[in-house]
Amino acid sequence: MLPTNPIPWPTRWRRSPTGFSVCFMIFFGVAAAICIAAGFLGFPVAALWTPLFAGFALATVAMGIGVRRRSARSVRTRLQPDGLAALMFPYSLRLTVAISLEAVGLVTVGTTFLAAELLGALGGDAEAWFGVAVLGLTDLLGLASLYGIARRRLVRGAVFLSPTGVVHRTWGADTAIGWDEVFAVTPEERTVATAYGNGPPAQLIRLTPYANATATYLPRSLFWRPLRKQADHTPLISGTVLGVNPALVYHTLRFYHRHPDARAELGTDAAVRRVRAGQVLYPEG
């Protein structure tokens, strides 16, 4: 069990306001409910939008609500992609389900409206070809995502800590870096600008390599993967997508980076007990 005191957040991270996320959750949740009701009332085309809106609503919950209250119950020992036992911090399961729903929504909506636009274009409506192009790309993205999920090229992400290094598995790519190649573990914050002002801050964990070191990067999907430059030079972990409190992941990475003698326990139950007991926490500096 984690200590009853809150896990200390890095000073560079601000507290994420939940109002922004709650508004979006309500908006997309209501939109999904309306689509379901319209389907029962005899408007089946409206019901096709349900997976897309439901996915957006669930993603908003997964990434913006209760981030600091996430427990360490999902922290456990698992095999990382190369088969080595490691301490695992999984991505949010809600987010994985949300992305899958969005992929289904892209296909249902894209295919239906693509067929309608295509019939119009073949009937002589020249302007309909623009809609065919846009909807075709939308449909292609959704189909590619579902294909990747079926082939396990798109999987639930996780952060793995083993005695040899760190593996960051995202939705569509893996990035690995050895402990001896990491110069520093630092917290960062990024704010996305919107038409209505800045959005909520996103908590990031950067693993900065030494000047002559690079991370190993293995993409699994053409569409869903981070930029190559970022993966090679500055591995970043987004705290909002994790299934645990991101501050706990930051402190754990920092602890094992600064204590090489303790890395041998990574991949064993001893590391899980240490993390769940909060024995990786200490002041910044």
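Excluded from the calculations below are hydrogen atoms, water molecules and symmetry mates; all remaining heavy atoms, backbone and side chain alike, are included. Heads up: numbering here begins at 1 and tracks the sequence.
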With rounding to the nearest 0.5 angstrom, report the [atom1] to [atom2] distance, [X] to [Y].
X: Tyr250; Y: Trp13; atom1: OH; atom2: CH2; result: 8.0 Å
X: Arg274; Y: Thr268; atom1: CZ; atom2: OG1; result: 9.5 Å
X: Leu236; Y: Thr170; atom1: CG; atom2: OG1; result: 11.5 Å

Charged N to carboxylate O below 4.0 Å: is that the case for Glu188 and Arg12? no

Residue list, side-chain hydrogen bond (donor to acceptor under 3.5 Å, both in side chains) with Thr77, at least two apart or on another chain: none

Paired with Leu253, the side-chain contact (heavy atoms from CB on, under 4.5 Å) test is passed by just one of Leu248, Val182, Ile237, namely Ile237

Please check this pair: side chain of [X] against backbone of [Y], looking for a donor-acceptor N/O pair closer than 3.5 Å.
X: His168; Y: Phe160; answer: no
X: Thr175; Y: Tyr217; answer: no
X: Arg206; Y: Val185; answer: no
X: Trp179; Y: Ser162; answer: yes
X: His251; Y: Ile7; answer: no
X: His259; Y: Phe255; answer: yes
X: Arg76; Y: Arg73; answer: yes

With the side chain counted from C-beta on, respond yes when Leu101 and Leu52 share a heavy-atom pair under 4.5 Å apart, and no when they do not. no

Does the plane of the ring in Phe56 sit parallel, tilted or perpendicular to the ring in Phe28? Use 30° and 60° as the thresholds. tilted

